[in-house]
Amino acid sequence: MAQIKAARVADVPMALDVVAAATAAPAILAEVDAAAGVRRGAAAAGGGVGRFAVIGHRGKGMNALAAPDRRLQEVKENSLRSFNEAARFPVDYVEFDVQVTRDGCPIIFHDNFIFTEEDGKILDKRVTDLQLEDFLQYGPQNEQGKGGKPLLRKMKDGRIVNWNVQSDDPLCTLQEAFEKVNPRLGFNVELKFDDNLEYQEEELTRILQAILKVVFDQAKDRPIIFSSFQPDAAQLMRKLQSTYPVYFLTNGGTEIYTDVRRNSLEEAIKLCLASGMQGIVSEARAIFRHPAAVPKIKEANLALLTYGTLNNVPEAVYMQHLMGVNGVIVDLVQEITEAVSELIAVPEPGTNAENLSFGAAKDAATPNFSQREISFLLRLIPELVR
């Protein structure tokens with residue numbers, strides 16, 4: 001069978017609306033070069049070469065049930081199977097979404113609502129309103145011969161479809177992930193909250209303490225990163241513990257919210273510095289739109305990760321490495337780890353994993369720009385800005 005190659009720029013199924021026009025390419029390249037200069041200077045001072053991390057999104061990749069690319073329906077996202085499948089490749093972490101059930105159990109599930117069908121009717125319930133026992137009844141079951149409730153999913157366009165994947169797996173708890181996932185894998189635990197709800201500090205504290213209890217009981221030597229789009233939750237997690245780093249998740253201005261802290265990389269930097277957080281996880285498009293933000297993030301002694309569709313494009317991943325980004329969260333785990341190993345020479349899995357966790361990324365080195373690399377970037381940028 002022919003080897004599946006990673007997606008190329010032209011294959012990404014969404015517009016890459018990174019900047020206004022292709023005429024901006026020389027300016028972007030200058031800013032990219034400046035960002036890389038900061039990385040080179042830090043490396044010269046520190047004398048070390050850091051690792052560029054690859055992180056599996058929801059395990060071996062999220063499920064995009066309407067996408068034509070079958071690789072995005074290969075294995076159930078946020079499942080033990082997906083995490084252990086990702087562990088077959090040189091990823092440093094798996095990222096997953098954690099919510100807490102009504103009876104106080106941290107579970108792994110992305111969506112705010114869970115859907116099923118009974119007697120021809122579509123029923124939905126808020127995940128955090130369910131007891132653990134009820135949550136685990138959805139989808140395939142661990143017990144042989146026992147069937148669960150049909151698991152459906154609501155698409156962005158409002159359609160509700162069967163959650164069909166090639167390799168299914170039961171829903172799981174955070175504790176099961178610690179117990180049953182390859183111990184070499186770090187966990188990027190996203191603290192998941194509904195953008196449409198307001199949370200009081202008392203409620204946030206209850207949720208975060210339930211998660212922390214499992215982490216402190218089970219983590220042992222496994223590297224852990226906490227992250228959240230919810231600014232108050234991210235700040236509070238930093239207050240509640242200092243053992244594990246907390247990163248602030250941001251769209252970086254690619255979407256606008258009423259909470260201004262979520263609307264730019266500049267606001268993300270301010271929030272992290274004010275709260276003592278250790279890093280930022282940004283939508284990759286925001287980094288390409290505002291490459292000058294990268295040296296500002298590094299000067300603030302913050303690590304920088306990215307997520308988004310662009311991270312399934314090897315050229316875009318390599319360019320971020322040159323810019324000073326410390327790691328990428330990806331869906332096409334096999335393809336991107338292969339591309340990264342060719343372009344960037346990632347060390348063996350598990351080597352020095354704590355560097356990313358504790359924000360030592362400012363000491364990471366970026367290769368000097370050769371004429372070949374400059375030529376490569378000049379060819380790539382028009383593709384990104386068209």
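Note that the numbering runs from 1 along the sequence shown for the chain.
Residues Phe52 and Val317 form a side-chain contact, since some pair of their non-hydrogen atoms from C-beta on lies under 4.5 Å apart. The side-chain heavy atoms of Val54 and Val333, taken from C-beta on, include no pair separated by under 4.5 Å. Side-chain contact check for Glu283 versus Tyr307: some heavy-atom pair is nearer than 4.5 Å. Within the 4.5 Å cutoff, the side chain of Phe226 has heavy atoms near those of the Val215 side chain. For the pair Lys180/Phe83, no side-chain contact is recorded, criterion being any heavy-atom separation below 4.5 Å from C-beta on. Side-chain contact between Val127 and Asp111 is absent, with no heavy atoms from C-beta onward closer than 4.5 Å. A 4.5 Å side-chain heavy-atom check between Leu72 and Leu332 finds at least one atom pair inside the cut-off. In this structure the side chain of Val98 never reaches within 4.5 angstrom of the side chain of Val214, judged on heavy atoms.
Applying the ring-ring contact (aromatic ring centres under 6.0 Å, His included) rule to pairs touching residues 184-211 yields Phe96-Phe187, Phe178-Phe187, Phe193-Tyr199, sequence neighbours excluded. For residues 242-254, no residue pair satisfies the salt bridge (Lys or Arg N to Asp or Glu O under 4.0 Å) rule, not counting sequence neighbours. Within the structure, every pair that satisfies the side-chain hydrogen bond (donor to acceptor under 3.5 Å, both in side chains) test and touches residues 211-222, not counting sequence neighbours, is listed here: Lys213-Asp217. Within the structure, the salt bridge (Lys or Arg N to Asp or Glu O under 4.0 Å) test picks out the following pairs touching residues 226-250 (sequence neighbours left out): Asp232-Arg261. Among residue pairs with one or both ends in residues 250-278, none qualify as ring-ring contact (aromatic ring centres under 6.0 Å, His included); sequence neighbours excluded.
With hydrogens and angles ignored, the 3.5 Å screen pairs a side-chain donor or acceptor of Asn312 with a backbone N or O of Asp331. The backbone N or O of Val75 sits less than 3.5 Å from a side-chain atom of Asn63, completing a donor-acceptor pair. Side-chain N or O atoms of Ser227 include none that pairs as donor or acceptor with a backbone N or O of Leu249 at under 3.5 Å. Checking side-chain atoms of Asp124 against main-chain N and O of Phe115 turns up no donor-acceptor pair under 3.5 Å.
Atom NZ of Lys149 sits in a crowded spot, with more than 12 heavy atoms from other residues, nucleotides or ligands closer than 6.0 Å. Annotation for Glu198: atom CD does not count as buried by contact number, only 12 or fewer foreign heavy atoms lying within 6.0 Å. The local environment of CD in Glu117 is crowded, with over 12 non-hydrogen atoms from other residues, nucleotides or ligands closer than 6.0 Å.
A search for side-chain hydrogen bond (donor to acceptor under 3.5 Å, both in side chains) contacts involving Gln131 returns nothing, not counting sequence neighbours. Applying the side-chain hydrogen bond (donor to acceptor under 3.5 Å, both in side chains) test to Asp157 and every residue at least two apart in sequence or in another chain returns Arg159. Contacts of Ser167 classified as side-chain hydrogen bond (donor to acceptor under 3.5 Å, both in side chains), with partners at least two apart in sequence or in another chain: Arg81. Partners of Thr128 according to the side chain to side chain contact (heavy atoms under 4.5 Å, CB included) rule, which considers only residues two or more places apart in sequence or in another chain, are Gln99, Arg126. Not a single salt bridge (charged side-chain N to carboxylate O under 4.0 Å, His left out) links Lys154 to another residue, sequence neighbours left out. Among residues two or more places apart in sequence or in another chain, the side-chain hydrogen bond (donor to acceptor under 3.5 Å, both in side chains) test is passed with Tyr138 by none.
Among all heavy-atom pairs drawn from Leu80 and Asp169, the shortest one is N-OD2, 3.5 Å. Smallest separation of non-hydrogen atoms from Phe248 and Ser228: CD1-O, 3.4 Å. Residues Ala67 and Gln73 share a closest heavy-atom pair of O-NE2, 2.8 Å. Nearest heavy atoms, Cys172 versus Asn78: SG-O, 3.8 Å.
The pair Lys60-Glu85 fails the salt-bridge criterion, with no side-chain N (NZ, NE, NH1 or NH2) lying under 4.0 Å from an Asp/Glu carboxylate O. Using a cutoff of 4.0 Å between basic side-chain nitrogens and carboxylate oxygens, Arg51 and Asp92 are scored as salt-bridged.
Atom OG1 of residue Thr116 and atom CD of residue Gln137 lie 10.0 Å apart, to the nearest 0.5 angstrom.
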Please output the side-chain donor-acceptor pairs of residues 266-275 that fall under 3.5 Å, not counting sequence neighbours, one pair per line with the distance.
from, atom 1, to, atom 2, distance (Å)
Glu267, OE2, Lys270, NZ, 3.3
Ser275, OG, Gln235, NE2, 2.9
Ser275, OG, Leu271, O, 2.9

